[in-house]
Amino acid sequence: MLKQLRLKAGSGPTQPPLELQLAPVTIFVGPNNGGKSRALMEIESWVTRHTPPECQVIDNLVFEPWTLATLKEELAKIEIEPALSETINPDHVLVSKLKPQDNTGARLQIHLPGLENEAQNPNVPHRHYYSSFLSLFTLRLDGKNRLALTEQQSAGDLQHTAQNHLAHIFKDNKARAEVRRVVFEAFGKYFVIDPTNVGHLRIRLSPRPPVDEREERGWDSVSVAFHSEATLISEASDGVKAFVGMLTTLIAGEPKITLIDEPEAFLHPALCARLGKEITSALSETNRRLFIATHSASFLMGCVQGGAPLNIVRLTYDYSTATARLLTKDKLTPLMRNPLLRSVGVLNALFYNAVIVTEADADRAFYQELNERLLLAKDPRGLEGCLFLNAQNKQTVWDIVQPLRELGIPAAGIVDIDVLKEGGAVWQKPMDGAFVPKLSHSALATERSALLKAFEATGKDMKRDGGINLLSGSDHEACTNFFAKLADYGIFVVPSGEVESWLDALSVSRNKGTWLTTIFQAMGEDPSSASYLRPSPGDVWDFIGSIRAWVANPSRKGIPD
């Protein structure tokens, strides 16, 4: 029913708005306050209101026209007979549909000629009848109402079309077997539908599968005994209820358009991944539409592994500029398969405003702690929503930075000053990883070589004996200018030499094996203590501030369109 989506923002301030052909599954990712939840609410409003709403994230939704045959088929499933005292208006049909999220029913009359006309021409400015019809098939789930999906429901008249997802799955042996398989793999219990509270259906988790269909679906003593040995799902944890509820609704339910905000709520990472994989797989061969807003890398990974066609859209908003970027599967796959990227949890970067990648774990811990102190002090040099990752050395920093930037994520690399020591393929790594224009490579390589000779002429170790301060006069100025050019592309070189050279006033030994522990001790851990190290002008604090300035610049260099 939904064919195309256009957002108000594009990949950058000067880029056109993102427009995409909708797949069965569309996943919104990004940092907090990026617009993910709002996107879901705006899509729901666009679908269910008579006229398109005023939106901040969504610019347009394009509907696929219905054929009359398909429309009549769907109407037949929900059309009901009027009550004895009920009058049906001319050319109207009476329909009813249960809302699974709160177990209440919607009952309304729809003007049939008007519905047929609008369903065949759904992209008109006013959709009075069609929006009323679609509202019956639109389901939005949040952290609270998804738990209601597993509550007891009316069985209804099983001779007619099922009026809720439990009745539907009770009648559909194939769908019930599929849910049973997934639930057993997740929890080691068998999903069964208990009809023994006559007129109602409820979910139980059984220690064994039913011997046959009759044992599960009957009312005799055998069925009663079978279900009495199983646990009502109402007694299970919220995680189990959320998982089973979403699974059954998406596999056996009737919503044509489902919107789920944070499906990972109540679920541990492994269960998130399984849920993502199973629900995307279930929708792969359907014309239904699922929209999800998530903060979970595990859930996202499961969705990608599910194999269904999907769109992944990263939304950001910094209170002045919004972005929307389509993340292609071919760019995401290396983040899940590459051992280095997977080992540092790089997929989590999708949910942060920015990423800083360091040479080693000690470097990461040090810079992360300093940033926390900047944020605690409400210092404008601190980076909000920043993920710190560590590589294995200065070369592999760019193996992490490059794929993140290809996804539009501002990822900065911090390297020690000895990055100047090697040319050739080693120097090429930051050039390619930071997307420095190729025409600039030769000039920068020449400057690097000249600066290396200037450092060598001092007869001292540039990394341990003073960094940029070993140079004087025009050489010092040239090095400062060179580092500024690199910083324009998110390549940040430690000017004082190495990470251990920061906060020299603390007089901490630079012994690699003990430095991090010693520097943290010297910095103090109690913010209320007079000896606690607080941000001050200059030194590493300004260095982090320069990274923050690059991240905050909407026209920052080094991010491909």
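Hydrogens, waters and symmetry mates are skipped; everything else that's a heavy atom, side chains included, is used.
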query: Could you walk me through whether Arg202 and His227 pass the side-chain contact (heavy atoms from CB on, under 4.5 Å) check?
result: CA-CA 10 Å; Arg202 49 192 177 180; His227 287 296; over 6 Å; no
message: Distance check, rounded to the nearest 0.5 Å: Leu139 atom CG versus Ile260 atom CD1?
response: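 One gets 7.5 Å once the value is rounded to the nearest 0.5 Å.
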field: Separation between CZ of Phe291 and CD1 of Ile58, rounded to the nearest 0.5 Å
entry: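 The CD1 atom of Ile58 is 8.0 Å from CZ of Phe291, to the nearest 0.5 Å.
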Donor-acceptor under 3.5 Å ([X] side chain, [Y] main chain):
X	Y	result
Asn145	Asp142	yes
Ser45	Glu42	no
Glu79	Val93	no
Asn121	Asn117	yes
Asn353	Glu384	yes
Asn123	Phe63	yes

Would you say that [X] contacts [Y] through its side chain, given a criterion of any heavy-atom pair below 4.5 Å between the two side chains?
X	Y	result
Arg146	Thr249	no
His50	Ser132	yes
Pro195	Leu201	yes

Would you say [atom1] of [X] has more than 12 non-hydrogen atoms from neighbouring residues, nucleotides or ligands within 6.0 angstrom?
X	atom1	answer
Lys77	NZ	yes
Glu81	CD	no
Phe137	CZ	yes
Arg6	CZ	yes
Arg181	CZ	yes
Lys256	NZ	yes
Gln368	CD	yes
Glu86	CD	yes

task: Over all heavy atoms of both residues, which pair between Pro309 and Pro24 is shortest? Give the atoms and the distance, please.
output: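 Closest approach of Pro309 to Pro24: O-CD, 3.5 Å.
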- prompt: Where do Arg405 and Pro560 come nearest, in terms of heavy atoms and distance?
  reply: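 For Arg405 and Pro560, the tightest heavy-atom pair comes out as O-CD, 3.4 Å.
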message: A cation-pi test, strictly: NZ or CZ of Arg217 under 6.0 Å from the centre of the six-membered ring of Phe170 and no more than 45 degrees from its axis. Yes or no?
response: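 Arg217 over Phe170 ring: yes.
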I'd like to know if [X] pairs up with [Y] as an ion pair, taking the criterion as any Lys NZ or Arg NE/NH1/NH2 lying under 4.0 Å from an Asp or Glu carboxylate oxygen.
X	Y	value
Arg140	Glu44	yes
Arg180	Glu216	yes
Arg208	Glu215	yes

query: Under the criterion side-chain contact (heavy atoms from CB on, under 4.5 Å), which of Ile233, Leu149, Ile203 is the partner of Lys241?
result: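 For Lys241, the side-chain contact (heavy atoms from CB on, under 4.5 Å) check succeeds only for Ile233.
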field: Listed partners of Asn287 passing side chain to side chain contact (heavy atoms under 4.5 Å, CB included), at least two apart
entry: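 Expected list: none.
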field: His295 and Phe351 aromatic ring geometry - parallel, tilted or perpendicular at 30°/60° bounds
entry: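 Phe351 vs His295 ring planes: tilted.
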field: All side chain to side chain donor-acceptor pair (under 3.5 Å) counterparts of Asn60, not counting sequence neighbours
entry: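 Partners of Asn60 by the side chain to side chain donor-acceptor pair (under 3.5 Å) criterion come out as none, since no residue qualifies.
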